[in-house]
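In what follows, a single structure is set out as structure tokens and then discussed.
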Amino acid sequence: MKTIIEPFKIKSVEPIKFTTREEREVLLKEAGYNPFLIKAEDVLIDLLTDSGTSAMSAQQWAGIMLGDEAYAGSNSFYKFDAAVKKITGMKTVIPTHQGRAAEKILFSILGGKGKYFAANTFFDTTRANIEFSGSEGFDFVVEVGKHPEQRADFKGNMDVKALETFINEKGAENIPLIMLTITNNSGGGQPVSMQNIREVREICDDYEIPLYLDACRFAENAYFIKKREKGYENKSVLEIAQEMFSYADGATMSAKKDALVNIGGFLALNDDELAMNCRNLLIVTEGFPTYGGLAGRDLEAIAQGLEEIVDEHYLQYRIRSVEYLGEKLIAAGVPIIEPPGGHAIYLDAKRFLPNIPPEEFPAQSIVCELYIEGGIRAVEIGSVMFGKYDKDGYLIPPPMELVRLAIPRRVYTQSHIDYVAEVVIEVYNRRQTLPGYLLTYEAPILRHFTARFEKLCNP
Ligand SMILES: *Cc1c(COP(=O)(O)O)cnc(C)c1O
């Protein structure tokens, strides 16, 4: 097998700035040891997120010039509408400025006190919108999905037995919808199988509950199905995606992921009455139904991005480049969530730094060291992001301490990824020298964005 190459050539480049280790030490200290507070230009390789960081194609940039900025009935809307319908087959498509805006509209209407929602794992903005409406959200990912070191093909699957128990407990009439996040972002970008989607659909049919997809990474999920699920090896990714959506009553999507754009999203659904209510709310919060918080040029870029994302050379390169980084790290003994997911590698900080307790933020320590060592920006997904306090003020840590290295789409080449692997391995090899951290400032909510830290003495 020959090397899988980037299925594009580069027409326009953006220089990256090099800094010295001494400069990075000063910059990180000034940022309170929180890389969210470092200026992007002081980052060499930015793996903070894959959201809105994609490189657009020449065709997408051409679409930007074609954007029809008519307030109502824009031509770009009709292209966007057709592109989303081709993949999802949904009756109504409502553009929004991001995925969370689609969630806000949907859960404002369906949520409220006394309602319950279930998913494999709700993404944090989805959960926040459910809770903001006064409802509660519950996660039922399969057991293997909770164990970073265990390999399985579809670790994003829903535990259907647990789901059914939950429905019987809460009453189907109190559950406005069930959601599958594909791929399961918060669970390591792990895919959901077609069989699992079908099983969840059957339960939804039995109890007459609508099924929605959080479809941010639908193409990556479809590619995993093609590669791993029997019976799909000869189907196209587009056909697989169409089948996935055929089992759903609706979908929310952040176009900042698998539509290869820098801003945008949508809500797609089949229920006419619900669609009318959603559109009415859209007009108050986002805009007229044919632009919904986006410019015509954005709609144009999304329509083109949705054509490009199902290209199998692209997906082969995409999934392989994440796996390639994962393989290099595994070979060097670095503990990660296995197998590598679709959009990111997650370092398992508990096994990486077993000597640093959650109260001293082991994943934050790795994040800091990756910046110092190589100018790489990653994100902590552990006690800083999800830690809570008990009534005596002691930390209640979340189940996992992770560092996410999210790979922006079409942005970095194989040598950038080789460099990332070298830096992570270098940090791993001197893990005994990494310090713990003390939290010195935290905001009341979403503290990870603005938190500040001090270094504790080296162990
Ligand atoms: C990013 C994301 C969202 C929210 O989308 P935004 O465009 O950031 O508002 C929802 N669900 C999943 C799985 C995501 O990854």
Side-chain angles (χ1 to χ4, degrees), residues 36 47-54 80 84 88 94-108 111 117-133 137 139 141 145 155-158 177-192 197 212-222 224 241 244-245 248 250-268 282 285-286 292-294 298-299 301-302 305-306 309 318 322 341-346 379 381 385-386 402 404-409 446 448-449:
F36 270 109
L47 307 182
L48 191 69
T49 178
D50 66 320
S51 177
T53 51
S54 300
F80 159 85
V84 176
T88 66
I94 297 174
T96 58
H97 79 279
Q98 287 199 204
R100 70 194 69 184
E103 295 163 0
K104 173 85 174 98
I105 289 170
L106 186 65
F107 293 109
S108 299
F117 295 91
N120 47 351
T121 312
F122 284 114
F123 183 64
D124 43 10
T125 60
T126 323
R127 172 172 290 284
N129 274 303
I130 288 170
E131 291 173 1
F132 190 73
S133 83
D139 295 337
V141 75
K155 288 175 80 174
N157 280 357
M158 176 92 95
L177 66 79
I178 285 162
M179 198 166 225
L180 282 171
T181 308
I182 53 169
T183 58
N184 190 16
N185 186 357
S186 311
Q190 301 292 325
V192 177
I197 301 176
Y212 274 61
L213 300 180
D214 177 342
C216 293
R217 298 181 181 78
F218 76 92
E220 290 171 6
N221 199 90
F224 278 119
M244 281 162 28
F245 283 104
T252 56
M253 174 152 172
S254 169
K256 300 172 74 171
K257 319 309 177 21
D258 270 357
L260 293 166
V261 294
N262 308 119
I263 196 75
F266 62 79
L267 169 63
L282 181 86
T285 59
E286 293 280 290
L294 292 170
D298 299 324
L299 296 168
I302 294 171
L306 289 173
I309 199 74
R318 168 71 177 162
V322 175
H343 68 293
I345 292 295
Y346 294 72
V379 69
I381 302 188
M385 191 180 274
F386 292 125
L402 303 172
R404 186 181 74 181
L405 305 168
I407 314 296
R409 294 171 182 76
L446 296 173
H448 52 285
F449 290 120

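Order of appearance sets the numbers: ligands from 1, and atoms from 1 within every ligand. Computed from a predicted model, the values in this text were never measured in an experiment.
- Using a 4.0 Å cut-off between heavy atoms, Lys256 contacts ligand 1 through its side chain alone, with no backbone atom that close.
- For the pair Asn129 (side chain) and Phe107 (backbone), a donor-acceptor distance under 3.5 Å is absent.
- Salt bridge absent: Asp50 and Lys257 never bring a charged side-chain N and a carboxylate O closer than 4.0 Å.
- Taking a cut-off of under 4.0 Å to the non-hydrogen atoms of Asn185, the atoms of ligand 1 that pass are 13 (C), 14 (C), 15 (O).
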**Request:** Go through the steps for Glu286 and Ile94 under the test side chain to side chain contact (heavy atoms under 4.5 Å, CB included), then give the verdict.
**Result:** CA-CA 10 Å; Glu286 293 280 290; Ile94 297 174; over 6 Å; no

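- Considering backbone and side-chain atoms together, Ala101 places no N or O closer than 3.5 Å to any N or O of ligand 1.
- What sits closest to atom 4 (C) of ligand 1 on the protein, heavy atoms only, is Thr125 OG1, 3.4 Å.
- Asn120 has its side chain out of reach of Asn157: every pair of non-hydrogen atoms, C-beta onward, lies at least 4.5 Å apart.
- Looking at atom 6 (P) of ligand 1, its nearest protein heavy atom turns out to be Gln98 NE2, 3.2 Å.
- Side-chain atoms of Asp214 do not come within 3.5 Å of backbone N or O of Met253 as any donor-acceptor pair.
- Under a 4.0 Å criterion applied to the non-hydrogen atoms of Thr181, ligand 1 contributes the atoms 13 (C).
- Distances shorter than 4.0 angstrom do not occur between any heavy atom of Gly265 and any atom of ligand 1.
- Among protein heavy atoms, the minimum distance from atom 11 (N) of ligand 1 is reached at Asp214 OD2, 2.7 Å.
- A donor atom on one side chain and an acceptor atom on the other are not found under 3.5 Å apart for His97 and Asp298.
- The protein heavy atom nearest to atom 5 (O) of ligand 1 is Ser254 CB, 3.2 Å.
- Compare Glu103, His97, Arg100 by their heavy atoms: the one nearest to atom 10 (C) of ligand 1 is in Glu103.
- Protein heavy atom at the shortest distance from atom 1 (C) of ligand 1 is Lys257 NZ, 1.5 Å.
- In this structure, Arg127 contributes its side chain and Gly137 its backbone to a donor-acceptor pair below 3.5 Å.
- For the side-chain hydrogen bond (donor to acceptor under 3.5 Å, both in side chains) criterion with Thr125, the lone passing option out of Gln98, Arg100, Glu103 is Glu103.
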